[in-house]
Structures are given as C-alpha cells and as structure tokens.
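First comes the structure, then the notes that go with it.
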Number of protein chains: 2
Amino acid sequence: MPRGNCRGQGWWHGKFQGCGYRLTAGREAILDILSKSEGHLSAEDIYIKVHSKYPNVGLTTIYRTLDVLSNLGMVSKLDFGDRRARYELAEGPKGERHHHHLVCTNCNKVVDYTDFIDEEVELLQETEKGLGAKYNFKITNHIIQFYGLCDKCSGKK
Amino acid sequence: MPRGNCRGQGWWHGKFQGCGYRLTAGREAILDILSKSEGHLSAEDIYIKVHSKYPNVGLTTIYRTLDVLSNLGMVSKLDFGDRRARYELAEGPKGERHHHHLVCTNCNKVVDYTDFIDEEVELLQETEKGLGAKYNFKITNHIIQFYGLCDKCSGKK
DNA sequence: CTCCTTAATGGAAATGGTTTCCATTAACAA
DNA sequence: TTGTTAATGGAAACCATTTCCATTAAGGAG
Ligand SMILES: [Mn+2]
Ligand SMILES: [Mn+2]
Ligand SMILES: [Zn+2]
Ligand SMILES: [Zn+2]
C-alpha cells in the first residue's frame, strides 16, 4: 500500500494508480469537471456539474475525492471566508495554474493574480528553504491571500 | 453612526468608542483574555476562559465580539484546516505581533515565525501596492501560510 | 443624575456544510 | 474468472456558527 507522499511526478492517470488509488468513474468525472471549469467551486457546485453528467455519483464521493486529490496535491482547497470550502485544480503538468488570491471582504469577490508573482516566487522559495531548515519542516505548499475592498465596495464608503 | 473603516488609529478603549461601538464588560473580558493568552484560540477556548471569570458572558457574544474585533482589525481570524476558526490578537499599538504561520498538515502543529519576515514585508508592501493599483483593491491585510510536515511527522514516512 | 433610544446580550433553536456509518458495488491483482 | 478490499451512495449524525427574540444596559441628551 504505497499510500504516502505521491506528489510531483507524472500526470494524473499514472499519478493516481501509482499511488495505489483505484481509478473510478467518479474520480475521473470530478477531475474532468475541474479541468474544464474556471473559478473556485464548492463541493456542491462540483456535485451539480458532475451529477448532471454522471447521475450516479453521490455528494459524499465528491467530498472524499476532493480530499484525496487535495492530499495528492492535485487540487487546492481554499477558504475565502464564506463558510464553505472551495476547490481548484492546483496545477497542470507544468505548473501553469499556480497563482495567489485577492479577496474582497465585503462582497467576496475573488481575483486570481499571476503577475507580481515572479519576485514573490523567488522570495517564497528562499523563505521555504530557510523556514524548512530552521523549524525542520518539509514544506510542500503555501497560501497567500490579500484581503481588502474591491473597487465597487470601497466606493460605498 | 460612524461604523465604517476604523482601522489603524489609537488603541482600544478609544478605538472602540471612536468607532461607535459600546464598551461592554463582555468585550473587555474577551480582549483581556486574548491579550493574556498565547496561541491560536477557538471561539470555545475563549468562551471557557472568559466564562470562568465572567460567568454571564454567553458563547454567542464571543462569536459576535470576535467578529467585530476582526472587522476592526484588532483580531486575526485564522483557518488551519481543523474545522473551527482560530483567533489571535492582531497587533499591539506598534505592530509587535505580526507574524506568519507554518502548519503541519498531519498533526496540525502550528509554528509562528517572525524571522524571515523582514524581506517578506518589503515584498508584500510592494505587491500590495501593485495589486491595489492594478485591480483597484484597497488592501487591508494578508495571510501567508506555509504547509508541510513537521519534524515529527516527516519521520513517520 | 435621570431618561430614552437602540445597540448589545444570552439562551435556545435552527442552519447547513461536512463527516460518519454501513451495507453494497466494483477495481484490479493474481 | 475470482477474491480481496478499496470505493461508493444514501441516510443519519455532527457540530461550529448563525439566527431569533425577548431582555438588558451603554451612553448621549437634557
Ligand atoms: Mn484561484
Ligand atoms: Mn499565530
Ligand atoms: Zn467587493
Ligand atoms: Zn506534524
């Protein structure tokens, strides 16, 4: 049962089975939806989409699968302060999708940003290395979110 | 009703009343506990501590007050993935407490770190400025968390 | 200091996202 | 094809947080 840390290798059919997970219809459906969707989907959002195509996939499986995918590092679980978890595909084979978030604390609008990241990434890598060494942590990922008021909401005073 | 953005001025007796909030025993009790405690307390943690000293403060008030304090920027609401919010005093008058977090995804251990922050802060300020300008956001704060395995948990393979 | 408006409170009940349970199904290795 | 056991789905449980509402008490006006 090689169920441990299976991050950072090939891509998903292989990645999945290579980690000892079975490749089921439900799991494929979820990955499929996730890769075709933009934005930050809740478990129920995903359930609805998946369910319309594969009516015999239950909500429980959505949660379980998202949990697996998240542990595998294939999906990021996000918290924007509305009281439900949100998910997005973490990265494709080449890390295309990695980005950070800008969240409006008033209307919950969320902006993905990928610019400004270059210097960030550099610093983050150093920081990760430094922190990892100092605190003996094996760091696998990070979350960076900026909070504030979007243009619309800051107008309202 | 000057109930809007009341961040970043004096310190709390004044800050509170200056924003149109009434200064109640419950609120003082909560701030008192928070300033005397280390670590990342859940609403219930706080409730228990407050309640032992002021038995007539209800859990609902804890939640309401934490929400107010959080909106005022006096308290940070944190999410470490166990399914309850955690709170800590955001900063004293001089910003002493500001720090970021290192979270073990296995045992939920959380490390506060304040070193490595200097360069971070610099970059963050630039990033905040840049993002604010580009997306017309009025950024008020940020969250940075690194996730990984702590020394103990990475040993277990 | 007293009155008055209305913010704040607390306790109980409701909410709702997520997890748990368990009997059933199906991946996939042999 | 068969056997082992991971995966599933539906219903029920969970439980942190919110909502409701009748009651209390800040704190400004006078
Ligand atoms: Mn995103
Ligand atoms: Mn902390
Ligand atoms: Zn907004
Ligand atoms: Zn750990």
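Hydrogens, waters and symmetry mates play no part in the numbers below; they use all other heavy atoms, side chains included. So that the names make sense, note that chain A is the first sequence line, chain B the second, and so on, each numbered from 1.
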Using a 4.0 Å heavy-atom cut-off across all strands, classify B:Arg27 as base, sugar-phosphate, or nothing. sugar-phosphate
For atom CD of B:Gln17, is the number of surrounding heavy atoms from other residues, nucleotides or ligands below 6.0 Å larger than 12? yes
Where is the tightest heavy-atom contact between B:His101 and B:Tyr113, given as atom of each residue plus distance? N-CE2, 3.7 Å
Closest non-hydrogen contact found for A:Gly39 with A:Glu88 is O-CB, 4.0 Å
How many Å lie between CG on A:Asp79 and P on C:dG17, as a whole number? 14 Å
Please determine whether any donor N or O and acceptor N or O are separated by less than 3.5 Å between the side chain of B:Arg22 and the base of D:dG28. no
Tell me whether A:Ser35 contacts the main-chain N or O of A:Asp32 through its side chain, where contact means a donor paired with an acceptor under 3.5 Å. yes
Between B:Arg64 and B:Arg86, whichever has its closest DNA chain D nucleotide further toward 5' is B:Arg86
Proximal nucleotide (of D:dA7, D:dG27, C:dT18) relative to the B:Gln17 side chain: D:dG27
From the options D:dA26, D:dT18, C:dA26, select the nucleotide whose nearest atom is closest to the side chain of A:Arg83. D:dT18
Can you list, in residue-number order, the parts of residues 45-62 of chain B that come under 4.0 Å of DNA chain C, counting heavy atoms only? B:Asn56, B:Val57, B:Gly58, B:Thr60, B:Thr61
Nearest-nucleotide 5' precedence on DNA chain D, B:Leu23 against B:Asp67: B:Asp67
Are any side-chain N or O atoms of B:Arg84 and backbone N or O atoms of B:Ser42, one a donor and one an acceptor, separated by less than 3.5 Å? no
Any N or O donor-acceptor pair under 3.5 Å from the base of D:dA16 to the side chain of B:Arg84? no
With respect to the side chain of B:Glu44, which nucleotide from C:dC21, C:dT18, D:dA16 is positioned closest? D:dA16
Does B:Tyr63 make a side-chain N or O approach to OP1 or OP2 of D:dT17 shorter than 4.0 Å? yes
Note the angle between the end axes of the helix from C:dC1-D:dG30 to C:dA30-D:dT1, five pairs defining each, rounded to 10 degrees. 50°
Which nucleotide sits closest to the side chain of B:Ala43: C:dT9, D:dT17, D:dT8? D:dT17
Could you grab the distance from atom CG of A:Leu102 to atom CZ of A:Phe146, nearest 0.5 Å is fine? 8.0 Å
